[in-house]
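Chain A is the first sequence line, chain B the second, and so forth, proteins listed ahead of strands; every chain is numbered from 1.
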There are 2 protein chains.
Amino acid sequence: MYSFTEENYLKAIYKLSDNNGSGVSTNSIAENMQTKAASVTDMIKKLSDKKLLKYEKYKGVNLSQKGKDVAIQTIRKHRIWEVFLHEKLKFGWEEVHEIAEQLEHIQSELLINKLDEFLGYPTHDPHGDPIPGENGEFHNNAFVSLDTVEANKKVILSGVINHSVPFLQHLKKIDLTLGQKLMVIEINEYDRSLKLLLNGKIEIFISNEVAKNILVK
Amino acid sequence: MYSFTEENYLKAIYKLSDNNGSGVSTNSIAENMQTKAASVTDMIKKLSDKKLLKYEKYKGVNLSQKGKDVAIQTIRKHRIWEVFLHEKLKFGWEEVHEIAEQLEHIQSELLINKLDEFLGYPTHDPHGDPIPGENGEFHNNAFVSLDTVEANKKVILSGVINHSVPFLQHLKKIDLTLGQKLMVIEINEYDRSLKLLLNGKIEIFISNEVAKNILVK
DNA sequence: ATATAAATTTAGATTTGTCTAAAATTAATA
DNA sequence: TATTAATTTTAGACAAATCTAAATTTATAT
């Protein structure tokens with residue numbers, strides 16, 4: 001139905017939309033997709049012709065409902081494949097994204113629904129991001145970042161804000177994984193670094209930079 | 001490494017090669033790939049420049065070792081994905097080919113090896129075709145077609161020659177599936193149609209046309 | 001408010017894979 | 001063997017997606 005490239009543009013624009021009504025800029029899309037502004041303008045015209053977004057010269061773009069639908073379905077496929085790669089094939093959470101970038105473009109509604117069923121209808125991907133349903137509905141996560149949690153409160157590591165490979169590798173290295181039980185035992189006023197208790201056993205220190213990028217519930 | 005299209009051409013040429021030393025013709029490739037001879041000539045030149053095949057004008061092509069390797073790895077990926085779709089996602093054997101045509105182009109050595117491990121290192125796909133190993137080696141099947149089997153001999157349905165959706169659907173309809181135990185109980189001289197016993201229980205009739213396209217061991 | 005900077009678009013070119021129509025080559029046949 | 005038929009190649013064009021460089025529009029700052 002839609003090309004590889006079209007789906008990638010729609011996904012990028014969807015992620016850059018903050019629903020402020022303000023259009024997504026050409027440059028921000030170019031930066032996000034590692035391409036040039038001129039290429040973005042070309043593609044925007046094409047997507048506009050196909051009614052996937054609204055475009056006014058020099059004013060940026062906004063996805064139409066149709067455009068949002070395609071973006072959300074692509075995200076759904078991406079995240080379901082990530083679960084498969086992590087749960088079944090035992091890929092690390094820092095490895096799944098790149099492969100899912102390819103798998104998300106496989107065209108078959110039936111495939112993704114059967115895969116979803118095979119995986120037991122997961123609600124979140126290996127980074128804690130919610131998986132939209134077949135009809136595109138997101139269940140709100142309501143996670144908070146670890147640097148806002150008060151001392152002595154038990155929480156569960158439920159997601160990350162930074163999805164970069166180095167960050168995910170770092171968390172793995174210090175034994176922080178999704179689903180982990182943790183408790184803040186000390187907050188250092190000076191640099192807002194934290195001392196944590198993992199699974200009621202091991203104590204570790206993390207910087208505020210790390211804490212800000214961890215989501216818990 | 002190689003594009004979607006390049007891999008498809010190499011796969012088609014590989015399948016059309018009967019190792020007679022005689023080159024694969026432009027027209028046969030065009031027919032196989034549902035495209036035009038002129039397009040094939042263009043692509044052949046490109047693949048020849050990349051040393052994936054040997055090309056002499058008007059004489060057809062022969063894959064180089066490099067070309068064969070790419071073709072075999074693509075076939076390997078295709079068949080492993082077919083096993084996944086059939087065994088794990090419960091797709092029918094007539095449904096798996098089309099989706100595997102897409103999945104075979106996903107680029108990740110690690111992915112296919114982990115998938116292979118997850119599936120328990122299958123040796124055959126859902127149509128009985130052998131799955132080449134990581135190093136490209138095929139284990140020879142040595143199956144025979146059902147129309148050559150003598151009466152009262154017990155055999156196992158191990159593959160098909162015709163891979164078309166209608167044929168596979170027909171076999172499914174008459175309850176013939178891979179791994180099935182069967183015995184020829186009667187061979188009609190007139191039209192070489194057969195009466196079969198399935199699993200030592202049910203009797204069915206099949207035409208010679210069907211028997212010719214079934215492989216057993 | 002006007003000059004300068006930043007962002008965006010246009011114009012024209014490139015690459016990949018495809019096509020049609022015409023030309024060239026090889027095969028078939030009378 | 002000469003002629004027709006079939007196959008294959010070339011020439012030139014096209015669509016998708018990209019790029020560079022130049023032109024245009026919008027934003028910023030003095």
Side-chain angles (χ1 to χ4, degrees), chain A residues 1-13 16-18 20-63 67 70-71 74 101-102 104-105 107, chain B residues 1-14 16-18 20-63 67 70-71 74 101-102 104-107:
Chain A
M1 196 64 172
Y2 299 104
S3 79
F4 226 85
T5 315
E6 286 170 333
E7 285 183 353
N8 282 336
Y9 269 91
L10 293 171
K11 203 174 50 141
I13 295 166
L16 290 168
S17 304
D18 31 11
N20 292 356
S22 67
V24 177
S25 75
T26 303
N27 256 5
S28 65
I29 298 169
E31 197 184 354
N32 191 279
M33 303 212 40
Q34 317 231 62
T35 184
K36 297 297 151 72
S39 310
V40 173
T41 303
D42 289 340
M43 179 55 70
I44 276 172
K45 284 179 186 164
K46 197 178 148 191
L47 296 174
S48 179
D49 290 346
K50 294 193 179 182
K51 310 283 183 204
L52 290 160
L53 48 78
K54 290 255 181 297
Y55 170 50
E56 264 189 286
K57 269 191 196 174
Y58 297 102
K59 304 279 178 171
V61 299
N62 285 101
L63 291 183
V70 176
T74 307
E101 281 289 304
Q102 297 180 63
E104 72 187 10
H105 302 293
Q107 280 175 336
Chain B
M1 194 65 171
Y2 299 105
S3 78
F4 230 83
T5 314
E6 286 170 334
E7 285 182 352
N8 283 335
Y9 269 92
L10 293 171
K11 204 174 49 141
I13 296 165
Y14 180 85
L16 291 167
S17 304
D18 31 11
N20 293 354
S22 66
V24 176
S25 75
T26 303
N27 255 4
S28 65
I29 299 169
E31 197 183 352
N32 191 279
M33 302 212 42
Q34 316 232 63
T35 184
K36 298 296 151 71
S39 310
V40 173
T41 303
D42 290 340
M43 178 55 71
I44 276 173
K45 284 180 187 164
K46 196 178 150 190
L47 296 174
S48 179
D49 290 346
K50 294 193 179 181
K51 309 283 183 206
L52 290 161
L53 48 79
K54 291 256 182 295
Y55 169 50
E56 263 189 285
K57 269 190 196 177
Y58 296 100
K59 304 277 178 175
V61 299
N62 284 102
L63 291 183
V70 175
T74 307
E101 281 290 304
Q102 298 180 62
E104 72 187 9
H105 302 293
I106 301 294
Q107 281 174 335

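- Rounded to the nearest 0.5 angstrom, B:Asn32 CG and B:Asn27 CG are separated by 12.0 Å.
- Of the side-chain N and O atoms in B:Lys36, none sit less than 4.0 angstrom from OP1 or OP2 of C:dT18.
- Rounded to an integer number of Å, the gap from CE of B:Met33 to P of C:dC19 is 10 Å.
- Between B:Lys50 atom NZ and C:dT15 atom P there is a gap of 13 Å when expressed in whole angstrom units.
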Side-chain donor-acceptor pairs of residues 47-55 of chain B under 3.5 Å, sequence neighbours excluded:
residue	atom	partner	partner atom	Å
B:Lys50	NZ	B:Glu6	OE2	2.6

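- The minimum heavy-atom distance between B:Tyr9 and B:Thr35, with the atom names listed, is OH-CG2, 3.9 Å.
- With rounding to whole Å, A:Gln34 atom CD is found 13 Å from D:dT18 atom P.
- Closest of all the heavy-atom pairs between A:Ala71 and A:Leu63 is CB-CD1, 4.4 Å.
- Separating the CD atom of B:Glu7 from the P atom of C:dT16 is a distance of 16 Å, rounded to the nearest angstrom.
- Residue B:Asp49 contributes atom CG, which lies 14 Å from atom C1' of C:dT15 at whole-angstrom precision.
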Does the protein touch nucleotides 4-10 of chain C at the base, only the backbone, or not at all? Give it as B, S and - per nucleotide, heavy atoms under 4.0 Å.
---SBBB
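- Scanning for side chain to side chain donor-acceptor pair (under 3.5 Å) contacts around B:Asn8 gives B:His105, with sequence neighbours left out.
- To the nearest 0.5 Å, atoms CD (A:Glu56) and CG (A:Asn62) are separated by 9.5 Å.
- A:Tyr9 comes within 4.0 angstrom of sugar-phosphate atoms only, judged by non-hydrogen atoms across all strands, and of no base.
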